There are 2 protein chains.
Amino acid sequence: MAVDGFELNAFLPYRLNRAAEFVAVRFAAEYKARYQLTRPEWRTLAALGSSTHAMTATDVGTHSAMHKTKVSRAVSGLEERRWLKRSEDQDDRRLEHLELTKAGRTAYRELTNLASAYQAQLHDLIGVGGMKALSAGLEAIERAIDKAEKRPSRT
Amino acid sequence: MAVDGFELNAFLPYRLNRAAEFVAVRFAAEYKARYQLTRPEWRTLAALGSSTHAMTATDVGTHSAMHKTKVSRAVSGLEERRWLKRSEDQDDRRLEHLELTKAGRTAYRELTNLASAYQAQLHDLIGVGGMKALSAGLEAIERAIDKAEKRPSRT
DNA sequence: CTTTAATAGTTGCAATCGTAACTATCGATT
DNA sequence: AATCGATAGTTACGATTGCAACTATTAAAG
């Protein structure tokens, strides 16, 4: 269709962004309405809530692909709500370990109910096949991300 | 792994956003450095450049999943560079048809070279299988988006 | 040890964003 | 044809963002 060899509809960053935005907007509207949570806050809550052990802010950033200042502010926000508490690392006092409080875990559980319901809607929308393919494709990217995180890069 | 039934690593909005962000950041750095282009500007340029006919601002917005104010500003930016020209619709004067100028098409061609090179890198990074799966999955979402666009929704 | 480089996290500030309100125009209803 | 509701696009303004610079701390190099 294009004169030269480039096909925008096959260009991954464009397609991914479009899909991610489409899918995120509706869900964000839900938790924003119910909890006045911002996107970075939800993503931080999710990262912490899904982890069995405490994480540092940097961990949250790499796990969610968020800029460190975004994480920093989200952490402050969640702390003000008393959904999260920080604790200094004894060996390395630059680090702070982040953990959800009881209230935070409760909120997380409620949010995951919303999330599950939304995931089910998406499932209906794109079908089992689409879901499986997407999952496999995202896994491939996630492997690449992990690989890239060993050899560092500024985010 | 999670206590309840929710698995963040299987939650589509989170995964998509993460992947999209990872993939977009590196590419954005390239065209920002070479052309001082913002992301919305690149996306608008891309939408127009890949289309055979003129588009309205609304078209650009739905095609790229960008908010209309973002599109509006990106259009102004591209117009100032003289990469894009507007023309009023004769039948409906609310509409303006957007087209790239010669300079705009040239820029688009240069940008698509960058894009192709980047796409090749991604291809290497995630492999043929990952690429195919991802493509199939994204297609499923894109179909869903098109469907959703018939029955409207505020973006 | 002392100096230097690297890392974790925060913050000031300018740039960007999205909501809501606005202008202008069109189509439908009466 | 006057009114009302919808749509295209813009803009004012408060909120959010990311860059760069900063503090504090640790690791590495000499």
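If you're wondering where the values come from, they're calculated on a predicted model, not measured in any experiment. A, B, ... follow the sequence lines: proteins, then strands. Residue 1 opens every chain.
With hydrophobic clusters built from ILVMFWY side chains whose heavy atoms lie under 4.5 angstrom apart, B:L95 does not share a cluster with B:L100.
A sub-4.0 Å separation between OP1 or OP2 of C:dA8 and a side-chain N or O of A:K68 is absent. Residue B:T69 places none of its side-chain N or O atoms closer than 4.0 Å to OP1 or OP2 of C:dC17. The side chain of A:T38 contributes no N or O atom lying less than 4.0 Å from OP1 or OP2 of D:dT16. In this model, the phosphate group of D:dG9 is approached by a side-chain N or O of B:T58 to a distance below 4.0 Å at OP1 or OP2. Contact between the side-chain N/O atoms of A:H67 and the OP1/OP2 oxygens of D:dC19 is found at a separation under 4.0 Å.
No contact: A:D59 has no heavy atom under 4.0 Å from any strand. Residue contacts shown for B:T56 are limited to sugar-phosphate atoms, with no base heavy atom under 4.0 Å away.
With hydrogens and angles ignored, a donor-acceptor pair under 3.5 angstrom links the side chain of B:R94 to the base of D:dT7.
Side-chain atoms of B:H123 and B:Y118 include no donor-acceptor pair closer than 3.5 Å.
C:dG9 atom C1' lies 14 Å from atom CE of A:M66, rounded to whole Å. Summarising the geometry, the separation between CZ on B:R39 and C1' on C:dT16 is reported as 12 Å, rounded to the nearest angstrom.
Salt bridge status for A:R81 with A:E41: present, with a side-chain N to carboxylate O gap under 4.0 Å.
Positionally, the nearest nucleotide of DNA chain D for B:R73 lies more toward the 5' end than for the other of A:D92 and B:R73.
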